[in-house]
Chemist: 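This is the structure I have questions about; it appears just below.
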Amino acid sequence: MKNEGTITSGGRSGGNRPLTGTPNSYVKTDAGHTFVYDSEGKLIYDISGERVKITIWDKAPNGNSYPRDLKLEGSVPSDLLK
């Protein structure tokens with residue numbers, strides 16, 4: 001994973017977070033989140049000290065992909081906070 005540095009926060013609800021980035025990379029935000037991107041450069045994780053949100057990319061019949069977020073229940077594993 002390549003560290004792509006720090007970006008300005010995507011806002012309180014994360015609506016402005018970048019859904020795509022450099023493949024196999026992560027960025028940190030000034031608000032304490034880490035966004036992780038897969039081998040295609042699509043957002044797959046939004047990690048904070050309080051929760052982990054997974055982004056699943058659903059493919060529509062027209063071929064377009066759309067993000068759908070799921071929050072994991074429970075505390076954040078300490079390995080993800082490093």
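Not measured: the values here are computed from a predicted model. Side chains are part of it too, since the values below use all heavy atoms of this structure and drop only hydrogens, waters and symmetry mates.
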Chemist: Which heavy atom of Pro23 sits nearest to which heavy atom of Ser39, and what is that distance?
Modeler: CB-O, 3.3 Å
Chemist: When rounded to the nearest 0.5 angstrom, what distance separates CG in Asn24 from CD in Glu40?
Modeler: 10.0 Å
Chemist: Give, for atom CG of Asn64 and atom CG of Asp58, the distance between the pair rounded to the nearest 0.5 Å.
Modeler: 12.5 Å
Chemist: Quick check for you: to the nearest 0.5 Å, what is the distance between Lys59 atom NZ and Ser65 atom OG?
Modeler: 6.0 Å
Chemist: Taking 4.0 angstrom as the limit, do Lys71 and Glu73 come out as a salt bridge?
Modeler: no
Chemist: Can you name the closest pair of heavy atoms from Thr6 and Thr29 and give their distance?
Modeler: CG2-C, 3.9 Å
Chemist: Just checking, is any N or O donor in the side chain of Asp30 or Thr8 under 3.5 Å from an acceptor N or O on the other one?
Modeler: no
Chemist: Would you check if the side chain of Arg51 reaches a backbone N or O of Asp46 as a donor-acceptor pair within less than 3.5 Å?
Modeler: yes
Chemist: Drop me the distance from Glu50's CD to Lys53's NZ, to the nearest 0.5 angstrom.
Modeler: 12.0 Å
Chemist: I need the Asp69 CG to Leu43 CG distance, nearest 0.5 Å.
Modeler: 7.5 Å
Chemist: Checking side-chain contact (heavy atoms from CB on, under 4.5 Å) for the pair Tyr26/Asn3: CA distance, chi angles, key distance, verdict?
Modeler: CA-CA 5 Å; Tyr26 66 94; Asn3 182 345; 3.4 Å; yes
Chemist: Let me confirm one number: the CZ-NE2 distance from Arg17 to His33, rounded to the nearest 0.5 Å.
Modeler: 10.0 Å
Chemist: Can you find a pair of side-chain heavy atoms, one from Arg68 and one from Thr55, that are under 4.5 Å apart?
Modeler: no
Chemist: Looking at every heavy atom in both Thr20 and Tyr37, which two are closest together, and how far apart are they?
Modeler: C-CE2, 3.5 Å
Chemist: Is any side-chain heavy atom of Ile54 closer than 4.5 Å to one of Leu72?
Modeler: yes
Chemist: Pick out which of Phe35, Tyr66, Trp57 makes a side-chain contact (heavy atoms from CB on, under 4.5 Å) with Leu19.
Modeler: Trp57
